[in-house]
2 protein chains.
Amino acid sequence: MQKISVAIVGWGNIGKACKRAISECSDMVLAGVVRRATSMAHCDDPELENIRIVSDITQLKGVDVALLCIPSREVPQRVKEYHALGICTVDGYDEHQRIAALRRELDISAKVKKVVSIISAGWDPGTDSLVRALMKVVSLTGHSTTTFGGEKGGRSMGHTAQVKSIAGVKDAVALTLANGRGKHKRRVYVELQEGADLEQIKQAILSDPYFKFDPTEIIPVESIHPYNTLHHSATIERTGMEVNQVYTVSGTNPEFTANIMVASARACMNAYNKEEFGTYTFIERPIIEYLPGNNIDEKLEGY
Amino acid sequence: MQKISVAIVGWGNIGKACKRAISECSDMVLAGVVRRATSMAHCDDPELENIRIVSDITQLKGVDVALLCIPSREVPQRVKEYHALGICTVDGYDEHQRIAALRRELDISAKVKKVVSIISAGWDPGTDSLVRALMKVVSLTGHSTTTFGGEKGGRSMGHTAQVKSIAGVKDAVALTLANGRGKHKRRVYVELQEGADLEQIKQAILSDPYFKFDPTEIIPVESIHPYNTLHHSATIERTGMEVNQVYTVSGTNPEFTANIMVASARACMNAYNKEEFGTYTFIERPIIEYLPGNNIDEKLEGY
């Protein structure tokens, strides 16, 4: 069986974790890593040894699926570019309220170019969305809440990436903390660049849709190092007349999200091979297509 | 939009709960209830008022999907009969080790007759199977256990139905209790018919594949009534290098299973309308197809 040729686009926490996840999958091969041209100059990361590194995906041959390990807001444009090149994509686009519209938009270019994309295929949105949908199947008239981070808080990747993208921010970590009954508060540690204006940065954070709906505390620190964490957790609860369901997951986020994105590359190719071209959310493809295995009996083991 | 016409086959706990679940679904209508001819005579159940009751499904017109609320071991034969009649089916077939083979067998008749069946679409197998598959997506190299009933135990429907089918048993309830690390023990309360031989019944229970792999205690009682329960619970845990996941569900079993079967009738019709004929397990159809809603945007609400 031909292996799925996967390109990693972006070499941050998720990109690196995707590399490790792909190495666990006997049905995949890493075609190479796509980085910004500006990052290519100082390319001394030992993890990149023996890996083809390019600044443009067209320099890699025979890529089946590109894993977009880039900031969420760069995803829509990049997917369109890759569709034009005839490349399937997987991303972790995380602005919940825009997902349905984005799916509709990207479905057109996917169908025209006969490729497959799975969008918002990470932890949340992604596997959490599947659990929420499943819980609805189990108790249609119930009530769901999702609580992130617990009392100690956990690192939100989307929020952290957003703060890091603000001019004047040298480094940052944005924590999500439970605030009761599915509500949250945010705590942001920021390390400023020399001469940066803290008030201006605070304003940029507080006015961003990632933060403006929740109580947010911003704490300037000398160094992010002691405050940094990769840990996060989520608890989804659904109560219904006759059924109570609780799903809790905790882990280090890049590994978690990377595993889901890599499994989604497999689901992408399953759809592609059936010529079911288009753009899908994580819950629109059968879960069995995300699992490794050579035949249905193998995939049904432990059913 | 035309409503899905659903027949309930069997009028036990699950059949009755399916009736209640269908009444919650604005996209479905109950075509009628199929019962054994021998049960038709004393049909004074007030829940059956205004419902068409027949002993043969051909007496009902325009049935899209039949929900097979019958003992697991009667399922394979019944599915084949209904395929021959061109009727789609949903069942909760629960002998895990035979599911892959049954799926293969029933896939042939479904494709020949251009119908859709979803087999083993209950709690476990069913939604638990989906959670196990999802957890594997999240941590491919982890270790999973499923624990039923907890310390107090819970009613296993498959085991209870099996004991009730033994000659000489008037009534029974079979509890599953946790026995550590995904292992279980069984406790069976049996109410005997007059003149029945307890030792013979014990032998029939202990030699059945439902019981013979686990420690089983059999307790004869005057009346099942004080020992009866509809409650059950399951906890699925997966530990991996970087991720821990726990899914716990507890509830009254007939409601739970009925909701899943009724949602599966919807998934059946979605597959049928796409002409994707065949027999599927619960995890082979996209979860979004189990959800009610008129369009994709509606189904993606809360994603």
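Because only heavy atoms are used, hydrogens play no part in the values below, and waters and symmetry mates are left out as well, while side chains stay in. Not measured: the values here are computed from a predicted model.
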Result of checking B/Val115, B/Ile108, B/Asp107 against B/Lys111 for side chain to side chain contact (heavy atoms under 4.5 Å, CB included) |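 The passing option is B/Asp107.
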Can you tell which of A/Leu67, A/Val75, A/Ile118 makes a side chain to side chain contact (heavy atoms under 4.5 Å, CB included) with A/Asp91?
->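 Between A/Asp91 and the candidates, side chain to side chain contact (heavy atoms under 4.5 Å, CB included) is satisfied uniquely by A/Val75.
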Whether [Y] and [X] form a salt bridge (side-chain N of Lys/Arg under 4.0 Å from carboxylate O of Asp/Glu) is what I want to check.
X        : Y        : answer
A/Lys16  : A/Glu47  : no
A/Glu276 : A/Lys114 : no
A/Glu289 : A/Lys274 : yes
B/Asp297 : A/Arg104 : yes
B/Glu284 : A/Lys299 : no
A/Asp214 : A/Lys183 : no

With a 4.5 Å cut-off on heavy-atom pairs, point out which of [options] contacts chain A the most.
options                                : result
B/Ile283, B/Thr252, B/Asn259           : B/Ile283
B/Cys25, B/Ala133, B/Ala21, B/Ala263   : B/Ala133
B/Ile260, B/Leu130, B/Ile296, B/Val262 : B/Ile296
B/Asp124, B/Val246, B/Val243           : B/Val246
B/Gly302, B/Ser264, B/Ser250           : B/Ser250

Fit a plane to each ring of A/Tyr272 and A/Phe277, take the angle between them on a 0 to 90° scale, and name the class: parallel (under 30°), tilted (30 to 60°) or perpendicular (over 60°).
->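 Ring orientation of A/Tyr272 relative to A/Phe277: perpendicular.
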Segment of [X] engaging chain B (4.5 angstrom heavy-atom cut-off):
X        : answer
A/Leu134 : both
A/Ser120 : both
A/Arg132 : side chain
A/Arg103 : side chain

Of the listed residues ([options]), which shares the most heavy-atom pairs with chain B below a 4.5 Å separation?
options                      : answer
A/Val131, A/Thr281, A/Leu140 : A/Thr281
A/Val249, A/Leu300, A/Ile287 : A/Ile287
A/Gly251, A/Ser129, A/Pro125 : A/Ser129

Region of [X] that comes under 4.5 Å of a non-hydrogen atom in chain A:
X        : value
B/Thr141 : side chain
B/Pro292 : side chain
B/Phe282 : both

Assess whether side chain to side chain contact (heavy atoms under 4.5 Å, CB included) is satisfied between A/Val90 and A/Cys268, documenting all intermediate values.
-> CA-CA 8 Å; A/Val90 167; A/Cys268 246; 4.0 Å; yes
Short side-chain donor-acceptor distance under 3.5 Å, A/His83 and A/Ser117 =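 The criterion, which ignores hydrogens and geometry beyond distance, is satisfied for A/His83 and A/Ser117.
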Going from OG on B/Ser233 to CD on B/Glu151, what distance comes out if it is rounded to the nearest 0.5 angstrom?
->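 Here the rounded value is 10.5 Å.
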Side-chain donor or acceptor of B/His143 paired with backbone N/O of B/Gly240 under 3.5 Å |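 Looks like no, no N/O pair under 3.5 Å.
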Using a heavy-atom cutoff of under 4.5 Å, enumerate the residues of residues 92-102 of chain A that contact chain B, numbered in order, or state 'none'.
->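 So far as heavy atoms go, A/His96, A/Ile99, A/Ala100 are the residues that approach chain B to under 4.5 Å.
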